[in-house]
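In what follows, chains are A, B, ... by sequence order, proteins preceding strands, each numbered from 1. Since the model is a prediction, treat every value here as computed from it, not as a measurement.
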Amino acid sequence: MTVAPDVLAALFNLSGSSDLAERFNLAPSQEAPVIVRDETGEGRALATMRWGLVPSWARDSKIAHRTINARSETAAEKPSFRSAFKRRRCLVPASWFYEWQGEAGTKVPYRIQRADGRPLAFAGLWERWKGSATEPARTSFTVLTTSANDDVAPLHDRMPCLIEPGDFDRWLTPEVEDPDATRRLLDPAPAGLLTLDRVSSRLNSVRNEGPGLMTPDTLF
DNA sequence: CCAGACGTTGTT
DNA sequence: GTCTGG
DNA sequence: CCAGACGTTGTT
DNA sequence: GTCTGG
């Protein structure tokens, strides 16, 4: 997430802009910016939530490690996601995303971004969790996935659901929903939209950050 | 009735 | 919270 | 998603 | 192998 605050505000029609630090290695379980409908339901607001959706009924947050993604084909029916699918949708802004190739221990990451350089918006769901005796309350989100298109297929058979600016309201406003129209919103992006570039395997550790991670490893 | 699950990805 | 399994 | 830990006893 | 941490 390296999108400049003013670009983010303009793209998502946010009132006011906040100072977000650039993130080149934003991993599951970390806090990330998301766009939600504001309290009135009319406008949009930027929020910070933790990646890995904890359902409201969860006893602890362990499930979050397995709810970083939700299959768009089934999320409306799954106990962990259906409530959020009905009432709490969000858009997750991203400059790009990563997929890995190769064996455990020698995984090579690829950056996947729009060929035209514009930011991406993932379809997401969010939820509030009350916390427990040992854990504080949290607000968290998940990213919906669909079949990979031809651009991404060489690396992986799934990819995030990408929403176009003209469809932002259609995704965020479930009350105007027609199930078929919603399904189409979550279809794989058209082939040719995205390009792939190899980046540094230092990305594989969340300890590493910064623009230097975008340069592939050299052979030394 | 109560108990137990509730998830995705990747790898085998 | 809500569904499934027993 | 990937990386890294995974354990106890005894000693400082 | 499986869980935790980030």
Is it the case that more than 12 heavy atoms not belonging to A:R128 sit under 6.0 Å from its CZ atom?
-> no
Specify whether A:F12 and A:F168 have parallel, tilted or perpendicular ring planes, treating 30° as the upper limit for parallel and 60° as the lower limit for perpendicular.
-> parallel
Of the candidate nucleotides D:dC1, D:dC2, B:dT8, which contains the atom at the shortest distance from the side chain of A:I68?
-> D:dC1
In terms of side-chain heavy atoms of A:R158, which of D:dC1, D:dC2, B:dT9 is nearest?
-> B:dT9
How are the rings of A:F141 and A:W51 set to each other: parallel, tilted or perpendicular (split at 30° and 60°)?
-> parallel
Are any of the side-chain nitrogens in A:R184 or A:E164 under 4.0 Å away from the carboxylate oxygens of its partner?
-> no
Side chain of A:Q30, backbone of A:A27: donor and acceptor closer than 3.5 Å?
-> yes
Residue-phosphate contact under 4.0 Å: A:K78 side-chain N/O, B:dC6 OP1/OP2 | no
Euclidean distance for C1', E:dG1 against B:dT12 (whole angstrom) | 13 Å
Figure out the CH2/P separation between A:W51 and D:dC2, and round it to whole Å.
-> 11 Å
Using a cutoff of under 3.5 Å, can you pull out all pairs of nitrogen or oxygen atoms linking the protein to nucleotides 1-6 of chain C, with atom names and distances?
unit_1 : atom_1 : unit_2 : atom_2 : d
C:dT2  : O4'    : A:R82  : NH2    : 3.3

Rounding to the closest angstrom, what is the interatomic distance between B:dG4 and D:dT8 at atom P?
-> 27 Å
Mind calculating the distance between CD (A:E99) and P (B:dT8) to the nearest angstrom?
-> 16 Å
Rounded to whole Å, CH2 of A:W100 lies from P of B:dT8 at a distance of 19 Å
Separation between CZ of A:R88 and OG of A:S56, rounded to the nearest 0.5 Å = 7.0 Å
In whole angstroms, the gap separating C1' of B:dT8 from NZ of A:K62 amounts to 18 Å
Take atom CZ of A:R202 and atom P of D:dA3, then tell me their distance rounded to the nearest Å.
-> 14 Å
Quantified in whole Å, what is the P atom distance between nucleotide B:dA5 and nucleotide D:dC6?
-> 26 Å
Transitive ILVMFWY side-chain link A:V143 to A:V34, under 4.5 Å | yes
When the C1' atoms of E:dC3 and D:dT9 are considered, how many whole Å apart are they?
-> 25 Å
For the side chain of A:R207, counting heavy atoms from C-beta on, which of D:dG4, B:dT11, B:dT8 is nearest?
-> D:dG4
Rounding to the closest angstrom, what is the interatomic distance between E:dT2 and D:dG10 at atom P?
-> 32 Å
